[in-house]
Amino acid sequence: MNYEELLVYLDLDTPDEFEYFEAMADLVECEEYIEQEAVEELFRGADGSMIAELLEDYFEDIMNGLPDDSGEIYSLLDQIKLCLEGLIMNSETDQDIRRFTSEFCRFRSWYSEESEVEITSEDDDSEEIMCIRDAITCARMEGLGGEKHRYDFRTALDYEIDGYTMSFAELATAEEDENDGMIVFNPDEDEEYV
């Protein structure tokens, strides 16, 4: 899929219209091949802070869809989200946009194609391998009364995070924004502190 086809697929006339959750979800979850150059051109014309906001909303949605006992994959997805948000929020040059796009496309391929989650039916112990995207869809179907499964995300954890790290100032700003201007420390209730 080239740039023009991508805009049609996302129902956009111009990249600056890339501002809705559905567009981000469609971009990440598209089953067709999309040229990386097309994604880069889209991101170059879109608003960086809007892309970061859409990433935040999208990751929150998929992480909320994870089945219970998915701590490791939840943490990995959270790290990927922080990496992508940091990259786009600090993109000032074409090279920065190219780096962000490369990381985004790598995440997209892993999430929707390459990752492997072992899913076992609780009814007959039959096993199936799915990508993370499809495993989350399956878990959501369970919430609607679908068949129950056990999920093993261990084989999907092999994902190397980009070397970008957010500075303390960026993390503090993000924490303040999330908590109405206050940095909040909220330890787990079951931990004891002396």
Side-chain angles (χ1 to χ4, degrees), residues 1-67 70 72-88 97-119 128-144 146-147 149 151-162:
M1 188 182 299
N2 63 27
Y3 174 67
E4 289 76 20
E5 292 168 332
L6 178 60
L7 289 182
V8 171
Y9 173 74
L10 296 175
D11 197 22
L12 305 175
D13 292 324
T14 59
D16 60 355
E17 294 177 354
F18 187 73
E19 55 187 22
Y20 298 104
F21 175 88
E22 292 77 13
M24 178 62 78
D26 288 345
L27 179 60
V28 173
E29 299 173 7
C30 179
E31 295 185 2
E32 293 182 47
Y33 171 75
I34 304 173
E35 295 172 359
Q36 185 166 316
E37 294 78 12
V39 179
E40 183 178 331
E41 193 166 346
L42 171 70
F43 288 150
R44 189 177 291 113
D47 178 74
S49 59
M50 178 56 68
I51 294 171
E53 186 177 320
L54 293 173
L55 284 168
E56 177 76 29
D57 293 345
Y58 182 75
F59 273 88
E60 182 179 326
D61 182 67
I62 63 175
M63 290 159 68
N64 286 339
L66 287 167
S70 301
E72 287 183 296
I73 196 68
Y74 185 96
S75 295
L76 177 58
L77 287 168
D78 192 51
Q79 291 172 22
I80 295 169
K81 176 191 74 159
L82 289 173
C83 173
L84 291 173
E85 288 177 351
L87 286 170
I88 192 60
I97 291 291
R98 191 169 299 116
R99 182 177 177 201
F100 166 72
T101 302
S102 175
E103 285 303 309
F104 176 86
C105 289
R106 190 166 70 90
F107 160 71
R108 181 181 169 274
S109 294
W110 170 78
Y111 177 74
S112 295
E113 299 169 24
E114 299 164 3
S115 57
E116 294 185 350
V117 180
E118 186 178 299
I119 299 175
E128 190 174 355
I129 302 294
M130 296 182 181
C131 64
I132 294 175
R133 176 198 64 199
D134 295 345
I136 290 175
T137 299
C138 185
R140 287 183 169 157
M141 294 301 291
E142 284 186 20
L144 300 173
E147 182 182 352
H149 298 85
Y151 299 83
D152 186 349
F153 287 94
R154 286 177 294 183
T155 54
L157 294 172
D158 187 20
Y159 185 95
E160 186 175 332
I161 301 292
D162 181 85

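Remember, predicted model here, so these are calculated numbers, not experimental data. Excluded from the calculations below are hydrogen atoms, water molecules and symmetry mates; all remaining heavy atoms, backbone and side chain alike, are included.
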Could you tell me whether a side-chain N or O of [X] sits under 3.5 Å from a main-chain N or O of [Y], the two making a donor and an acceptor?
X      : Y      : value
Arg99  : Leu87  : no
Ser102 : Arg98  : no
Arg44  : Pro15  : no
Asp61  : Asp57  : no
Tyr151 : Ala139 : yes
Glu19  : Met50  : no
Glu5   : Asn2   : yes
Ser115 : Ala156 : no
Ser112 : Val28  : yes

Phe100: ring-ring contact (aromatic ring centres under 6.0 Å, His included) partners, not counting sequence neighbours: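 For Phe100, the residues satisfying ring-ring contact (aromatic ring centres under 6.0 Å, His included) (neighbours in sequence not counted) are Phe43.
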Do [X] and [Y] have side chains that approach each other closer than 4.5 Å (heavy atoms only, starting at C-beta)?
X      : Y      : value
Asp134 : Ile119 : no
Phe153 : Leu66  : yes
Leu77  : Phe107 : yes
Cys105 : Glu40  : no
Cys138 : Met130 : yes
Thr101 : Leu42  : no
Leu7   : Asp13  : no

Salt-bridge criterion met for Arg106 and Glu160 (N-O under 4.0 Å):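 No, Arg106 and Glu160 are not salt-bridged.
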Under 6.0 Å from the CD atom of Glu72, do we count more than 12 heavy atoms belonging to anything else shown?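 Check fails, neighbour count at 12 or below.
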What I want to check is whether the side chains of Glu29 and Tyr58 have a donor and an acceptor closer together than 3.5 Å.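 Short answer, yes.
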